[in-house]
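Data block below; observations after.
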Amino acid sequence: MSARVWGRVRRRVADEGPAAARIAVTVVAAWQTALWLGADQPPVFAAIVPLVALRSDPAAAFSTSLERVGGVVAGVLLGIVVLQWLHPSTAALALVVSLGLALGMVLRAGTSLDVQIAASSLLVLANPSPDAYALDRMWETAAGAAVTVLLAPLLWPPGTIWTSCSVRPGRCAGPGTRPAAPNGP
């Protein structure tokens, strides 16, 4: 690789490495917490929450985690209700995805379509043990959200910049950052 490419790699690691390390710490803490709480399967759903909630703006960890929990609960309930009347099939798939997306349009907190409800209901539909899956999915997601909400302010104290600005003056790597100081006086 050329020196220019290595320079870009070094800048990205310097800019995003600390945030990636803090996200990794939060993912591991959420996983371990779910194990301590009695997860009998690898607690992937607990670990997913910090990956999603901290990827762009750690200051929004609370609202993002809450949205995730709400979307999972709504999707799980939708999947369970549909399975009371339909067996897993193409028709059931069309119904849970369509209803999940419709609910995602209405219940979303941000400006983009919330697909969490549709995804969660689809996973319930596809699971061979939907009731057990639904319960595990909900409590693991809640545990991951709790860990994320508790650790985010400790790992990203208020007033800190969560990603560094680019080495070029006036350009920042992400939301919540401030421009780099120009070189020279």
Side-chain angles (χ1 to χ4, degrees), residues 8-77 79 100 103-104 107-124 126-127 132-167 171-180:
R8 270 189 291 180
V9 169
R10 281 192 303 272
R11 281 192 304 276
R12 280 195 182 155
V13 169
D15 287 350
E16 298 172 1
R22 290 186 287 258
I23 291 169
V25 166
T26 308
V27 167
V28 171
W31 178 286
Q32 188 59 50
T33 299
L35 289 174
W36 287 333
L37 291 173
D40 56 358
Q41 298 290 322
V44 174
F45 304 116
I48 289 173
V49 177
L51 284 173
V52 173
L54 299 174
R55 72 176 181 227
S56 60
D57 183 7
F62 179 78
S63 62
T64 305
S65 296
L66 190 60
E67 290 169 26
R68 180 128 181 113
V69 170
V72 166
V73 169
V76 162
L77 292 175
L103 286 170
L107 300 177
R108 72 177 176 210
T111 57
S112 61
L113 176 64
D114 183 358
V115 298
Q116 182 61 59
I117 299 169
S120 293
S121 63
L122 175 61
L123 289 169
V124 168
N127 198 286
Y133 168 81
L135 183 61
D136 287 345
R137 178 75 193 264
M138 287 191 293
W139 82 259
E140 282 183 21
T141 300
V147 168
T148 301
V149 167
L150 290 172
L151 287 184
L154 299 174
L155 297 174
W156 287 272
T160 60
I161 297 175
W162 64 273
T163 61
S164 303
C165 291
S166 168
V167 293
R171 295 194 55 200
C172 290
T177 60
R178 61 178 170 252

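Everything numeric in this text was worked out from a predicted model, so none of it was measured.
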Counting only pairs under 3.5 Å, give me each side-chain donor-acceptor contact of residues 24-40, with atom names and distances, residues two or more places apart or in other chains.
from	atom 1	to	atom 2	distance (Å)
Thr26	OG1	Arg22	O	2.9
Thr33	OG1	Ala29	O	2.7

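- Between Phe45 and Asp136, every side-chain heavy-atom pair lies at or beyond the 4.5 Å cut-off.
- Checked by atom type and distance alone, the side chain of Ser121 pairs as donor or acceptor with a backbone atom of Ala118 at under 3.5 Å.
- One distance of note links CG of Leu155 with OG1 of Thr148; it measures 10.0 Å at 0.5 Å rounding.
- Closest of all the heavy-atom pairs between Leu54 and Ile23 is O-CD1, 3.6 Å.
- Of the inter-residue distances, the one linking Leu107 atom CG with Gln116 atom CD reads 12.5 Å to the nearest 0.5 angstrom.
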**Study point:** Stepwise side-chain contact (heavy atoms from CB on, under 4.5 Å) check, Val76 with Val73
**Key:** CA-CA 5 Å; Val76 162; Val73 169; 5.9 Å; no

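- Nearest heavy atoms, Ile117 versus Gly104: CD1-N, 3.9 Å.
- Residues forming a side chain to side chain contact (heavy atoms under 4.5 Å, CB included) with Arg8 (at least two apart in sequence, or on another chain): Val5, Arg11.
- Minimum heavy-atom separation, Pro50 to Ala46: CD-O, 3.2 Å.
- Nearest heavy atom pair, residue Thr141 against residue Val49, reads O-CG2, 3.6 Å.
- The CD atom of Glu140 lies 9.0 Å from the CD1 atom of Ile48; values are rounded to the nearest 0.5 Å.
- Here the shortest heavy-atom pairing between Val69 and Ala145 reads CG2-CB, 3.6 Å.
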